Undergrad: 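Below is a structure I'd like to ask you about.
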Amino acid sequence: MKRKKTMFTVLIIIFLAIIGFAFLQKSSAKADSRIKIVFWHEMTGPGQVQLNKFVKEFNNSQNKYVVVPQFEGNYNEAVQKILNTHGTDASPAVFQSMDVSTSQIYNSGYTTPVQKFIDKEGYDMSKISAVARAFYSKNGTQLSMPFNTSQPVLYYNATLLKKYGITPPPVDPSYSDITRVATELYQKSGKKVKGLSVEIYGWLFEQFLANGGESLANNNDGHSGVPTSVNFSGTVATKTMKWLQENIKGGAFMNFGAGSSASANEMAAFLSGKLGMFLQSSADISQLTAGTKDKLGITYYPHPDGQKSNGVSIGGASLWISNDKSSEVQQDSWEFIKFLMTAKNQAAWQVATGYLALNEDSQEEPALKKLYKSQPEAKIPGQQLRRTKPNNTNSGIFMQGLIQERTLTQTAMEQIYNGSNIKNSLVEAEKAMNSYITSNNLANKVSQK
C-alpha cells in the first residue's frame, strides 16, 4: 500500500512538472513573440538603476514589445558604436547620445527625427522644457527627445557664510556679487578658505558666453547654418577671463586645474569647508547634500555686470530613434520615449538622479514636492531652466567638433589662469579651432542644412 502511494506521488510530481514546463514554454513563447526594442544608454550609478526600473515598468505595462537596455560605455564610446553599427543587426532601435554629438548624429543621416511621431499623433511638446527642446532641434524640427538634462549652477556653503557673517549671493548673481562673497570669505577666514573655484572646463566657458548673450560660433551658433568660424575672444569671453584671472591672482579664487582630478579635488574642498563656492552641473546636488551636514545654497549661473542674464544652455543627453529599423520598431521606440517623458516618470528621474524633470507637470508630482520640502534649494536649477527664453545663444552650439572646441578653450583657460595674456591665449585657441572647422567641413562635405 505504501509503495502504491509512493508511485502515485511520483506520478503527480511528474504530471505537475510537465504542466509547469508547458506553462513556461508558453510564457517564453509569449515573451519571445514581443517586438524587441534594443536601447543603448550610457547611464551608471543611480541613473542606471532608475533607468532599469523604468524599462521593467514599461515592459510590464503591455505585451506588445519588450525594451532591452544595454550599457555601451561612456558617451564618446557609445557615439562611435552607434555610427559604426548602423545598418547592421547589431545597431540599437533607440539610443542615448550626449549633447555635444547632436550635430554629428544629425549629419550622419542615421536617425528618424522624433518630429515625425510628434506630428503623426499631435503629441504635446509644449509640456517639455523649451530650452531643452531647442537644444535638440533644427529648423523647427525636433531631432531627438531631451532626456537626462542638467543646468550649470553656482553652489555655496550657506553654513560657512553664516559662520563668518557673510550675506549670501542673490539668486541671480552678477560677477561682482560673486566677487564680494568670495573676497569676504577669503579675508574673514584668515585666507584659509578660498571663495570660488571655476574648473577649467569647456562646457563652463560656453555657458559664460551663453549667459552673456555672445555667440561662440558664427551663423547664430550654428542654428541658421553650418559654422565656418568661432569667436573665443569676444567682449563677454574677454571680460569673463579677466574676472577669473584677477581673482585667482588676488587669492580669493582657487585654480584646481582641469580633468577628473580637478573636479574631485574641487568637490572635496567644498565638502570639507575649504572652498565656499563653485560652478558645476545641477546633477551634483544629490552628491553634495549626502556629503555634508552643512546647509547647501544654490544660485543661477552668474552673468556679466551691467547686463541681464541671457540664460544658460543645458548639459546631458537625448534620445534618438534609428532609421535602419522597421517602421513598427521605430514607432514602438517612440512609445518607450513617451513613457519616459511622463510627468510621473520625469519627477522620479529627478529625485533619483539629480537630472531635471523636463515635463512641466512634474512640478505637481508628490515625489518632487517631497524633495523640495526637504531640500528647497533643489528647486533652483529647474527655476533657472524654466525662466529662460530660448534663443540662438542659449540653445547650444550646433557644430561638429565640439570636443575639439572644448580641448582648445580649456587650454586657453589654463594659460589664462596661470597668468598668460588673455587676448593672445583666446585668439590662439580661436585660430586653431577655425583651422579645424575649415578642414572638417571640407572633409565631410557638410552642406548648409
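Every value quoted in this text rests on a predicted model; they were computed, and no experiment measured them.
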Undergrad: Near Lys81 NZ, under 6.0 Å, is it more than 12 heavy atoms from other residues, nucleotides or ligands?
TA: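 For Lys81, atom NZ is crowded (more than 12 foreign heavy atoms under 6.0 Å).
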
Undergrad: Could you check Gln350, Gln346, Lys127 and say which one makes a side-chain contact (heavy atoms from CB on, under 4.5 Å) with Leu358?
TA: Gln346

Undergrad: Is a salt bridge present between Lys239 and Glu214, judged by a nitrogen-to-oxygen distance below 4.0 Å?
TA: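 The answer is no: the pair does not qualify as a salt bridge.
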
Undergrad: Please determine if Glu246 and Lys249 form a salt bridge, counting it only when a charged side-chain N lies under 4.0 Å from a carboxylate O.
TA: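 Judged by the 4.0 Å cut-off on N to carboxylate O distance, Glu246 and Lys249 do not form a salt bridge.
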
Undergrad: Heavy atoms, side chains only, cut-off 4.5 Å: are Phe398 and Asp221 in contact?
TA: no

Undergrad: Do the side chain of Asn211 and the main chain of Gln207 share a donor and acceptor less than 3.5 angstrom apart?
TA: no

Undergrad: With side chains defined as the heavy atoms from C-beta onward, is the minimum distance between Leu160 and Leu185 less than 4.5 Å?
TA: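 Yes - at least one pair of side-chain heavy atoms lies under 4.5 Å apart.
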
Undergrad: Compare every heavy atom of Val181 with every heavy atom of Pro168, then report the nearest pair and how far apart it is.
TA: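 Closest heavy-atom pair between Pro168 and Val181: C-CG2, 4.3 Å.
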
Undergrad: Kindly check if the number of other-residue, nucleotide or ligand heavy atoms within 6.0 Å of NZ (Lys188) is above 12?
TA: yes

Undergrad: Taking the six-membered ring for Trp and the full ring for Phe, Tyr or His, determine whether the centres of Tyr65 and Phe336 are under 6.0 Å apart.
TA: no

Undergrad: Verify whether the ring centers belonging to Trp243 and Phe253 lie closer than 6.0 Å.
TA: yes

Undergrad: Kindly state whether the ring of Phe147 and the ring of Trp349 have centres lying under 6.0 angstrom apart.
TA: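 Between Trp349 and Phe147, which both carry aromatic rings, the centre distance is below 6.0 Å.
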
Undergrad: Are any of the side-chain nitrogens in Lys53 or Glu57 under 4.0 Å away from the carboxylate oxygens of its partner?
TA: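 Salt bridge absent between Lys53 and Glu57.
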
Undergrad: Taking Thr167's backbone N and O only, do any of them form a donor-acceptor pair with Arg180's side chain (distance below 3.5 Å, no angle check)?
TA: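 A pair under 3.5 Å: yes.
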
Undergrad: With a sphere of 6.0 Å drawn around NZ of Lys338, does it hold more than 12 non-hydrogen atoms of other residues, nucleotides or ligands?
TA: yes

